[in-house]
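Written below as structure tokens is the structure these notes are about.
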Amino acid sequence: MEKFVNKLSCTNNARRPQKRIKLESDERMKQREDNEEDEFSHPVPWQKIESEGLDCDYALLLSKEEADHMFKQLEEEVVYSTGEEAKVRVFGKVHSIPRQQAAYGDAGLTYTYSGVTRLACLWTPTLEQIGDVVTKTTGQTFNFVLVNRYKDGQDHMGEHRDDEKELDPLCPIASVSLGAARDFIFRHRDARGKRSRRQMDPVKLELAHGSLLLMNSPTNAFWYHSLPVRKKVSLPRINLTFRRILLDRKK
DNA sequence: GTGGTAGCATTAAT
DNA sequence: GATTAATGCTACCA
């Protein structure tokens with residue numbers, strides 16, 4: 001069995017991803033960094049995950065106690081889609097998605113994928129709180145979060161890319177995991193299928209309770225990702241993917 | 001043999 | 001034509 005990337009020794013002890021989009025003055029950034037020093041008594045050990053066209057950062061964002069608390073709060077707060085909203089069309093067929101899903105974000109935001117348009121609910125206190133931690137840790141702001149709940153190892157997500165046109169292409173997608181640890185697989189678009197053009201090994205991660213995975217540009221242009229079935233997993237996992245959706249797109 | 005997983009095939013609308 | 005956030009089937013491995 002191949003070793004998973006984040007089971008290997010961690011070589012990168014930077015406090016946050018090296019790549020940052022400069023959105024604010026040096027003075028404000030310095031001020032914010034000073035505040036972060038107060039907030040996080042332990043530096044966040046980032047692990048860089050790289051391959052051709054793949055650029056991700058992985059870190060344990062929350063302590064076990066914090067993550068336990070957030071998980072419990074979300075179980076009470078989040079209301080998941082039902083009925084038609086929980087269905088998706090793939091290969092011409094309509095399926096119920098094999099997990100629970102909900103969309104939260106700024107007022108009036110919508111997000112479309114695979115023939116389904118979602119109107120975001122307004123942030124819950126816990127989602128806002130976690131979003132703040134992610135922003136403070138990464139320097140990125142987000143206006144939308146997609147919540148996926150996998151009740152056990154039978155729930156999963158098929159291989160896909162997050163390449164929706166309405167996403168800000170320069171803003172990374174920040175994926176926070178709570179609950180049961182699950183495998184997460186990246187595969188390069190040119191290494192899929194029988195007549196694949198190239199031999200490229202998939203990149204495999206295990207997403208732990210309280211972890212944060214940043215998918216930086218241009219990862220989603222080249223790499224598909226999936227959360228495969230794992231029958232031995234019996235506990236639920238909640239995944240939050242924070243995104244920035246572009247506003248006022250030209251019509 | 002058996003259970004779990006990896007990888008390919010599917011399918012018809014956009 | 002290319003793509004596809006789904007499942008189904010088969011081959012492989014422990």
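Lettering follows sequence order; numbering is per chain, from 1. These numbers were taken from a predicted model, which means no experiment stands behind them.
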Practice task
Under the side-chain hydrogen bond (donor to acceptor under 3.5 Å, both in side chains) rule, collect the residues that match up with A:Q199, sequence neighbours excluded.
Solution key: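 Testing A:Q199 for side-chain hydrogen bond (donor to acceptor under 3.5 Å, both in side chains), a comparison that skips the adjacent residues, returns A:D201.
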Handout entry: Heavy-atom closest contact (A:M70 atom, A:L178 atom, distance)
Key = CB-CD1, 4.1 Å
Write out a two-atom table: protein N or O, nucleotide N or O from nucleotides 6-10 of chain C, distance below 3.5 Å.
from	atom 1	to	atom 2	distance (Å)
C:dA6	OP1	A:R99	NH1	3.1
C:dA6	OP1	A:R99	NH2	2.9
C:dA6	OP2	A:G158	N	2.4
C:dT7	OP2	A:H156	NE2	2.6

Practice task
Answer yes or no: does a side-chain N or O of A:R187 lie under 4.0 Å from OP1 or OP2 of B:dC8?
Solution key: yes
Completion exercise
From the candidates C:dT3, B:dG4, B:dG7, the one with an atom nearest any side-chain atom of A:R161 is C:dT3
Handout entry: Partner residues of A:Y224 under the ring pair (Phe, Tyr, Trp, His ring centres under 6.0 Å) criterion, sequence neighbours left out
Key =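 Once residues adjacent in sequence are excluded, A:Y224 has no partner under the ring pair (Phe, Tyr, Trp, His ring centres under 6.0 Å) criterion.
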What is the distance, to the nearest angstrom, from the [atom1] atom on [X] to the [atom2] atom on [N]?
X      : N     : atom1 : atom2 : result
A:D190 : C:dA2 : CG    : P     : 14 Å
A:H225 : C:dT4 : NE2   : P     : 12 Å
A:Y224 : C:dA2 : OH    : C1'   : 10 Å
A:K232 : B:dT5 : NZ    : C1'   : 10 Å
A:F186 : B:dG7 : CZ    : P     : 16 Å
A:R189 : C:dA2 : CZ    : C1'   : 12 Å

Handout entry: Pair pattern of DNA chain C in dot-bracket, where unpaired bases get dots and | marks partners in another strand, Watson-Crick or G-U under 3.5 angstrom
Key = .|||.|||||||||
Return a table of donor-acceptor pairs under 3.5 angstrom between the side chains of residues 104-111 of chain A and protein atoms on other chains or two or more places apart.
from	atom 1	to	atom 2	distance (Å)
A:Y104	OH	A:V79	N	3.0
A:D106	OD1	A:W123	NE1	2.8
A:Y111	OH	A:R243	NH1	2.7

Problem - Residues forming a salt bridge (Lys or Arg N to Asp or Glu O under 4.0 Å) with A:K72, sequence neighbours excluded - result: none
Handout entry: Set of salt bridge (Lys or Arg N to Asp or Glu O under 4.0 Å) partners for A:D190, sequence neighbours left out
Key =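 So A:D190 forms a salt bridge (Lys or Arg N to Asp or Glu O under 4.0 Å) with A:R197.
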Practice task
Mind checking A:V94 for me? I need base, sugar-phosphate or nothing, with any heavy atom below 4.0 Å counting as a touch.
Solution key: nothing
Practice task
Would you indicate what A:K231 reaches in the nucleic acid, counting non-hydrogen atoms under 4.0 angstrom: base, sugar-phosphate, or nothing?
Solution key: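 Since only primed, P, OP1 and OP2 atoms lie under 4.0 Å of A:K231, the category is sugar-phosphate.
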Practice task
Give the ring-plane orientation class for A:F242 versus A:F142, where under 30° counts as parallel, over 60° as perpendicular and anything between as tilted.
Solution key: tilted
Fill in the blank from the handout: Residue pairs passing the ring pair (Phe, Tyr, Trp, His ring centres under 6.0 Å) test with at least one member in residues 157-177 of chain A, sequence neighbours excluded, are A:H160-A:H225
Problem - Residue pairs involving residues 189-208 of chain A (criterion ring pair (Phe, Tyr, Trp, His ring centres under 6.0 Å); sequence neighbours excluded) - result: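 Every pair satisfying ring pair (Phe, Tyr, Trp, His ring centres under 6.0 Å) with a residue in residues 189-208 of chain A: there are none.
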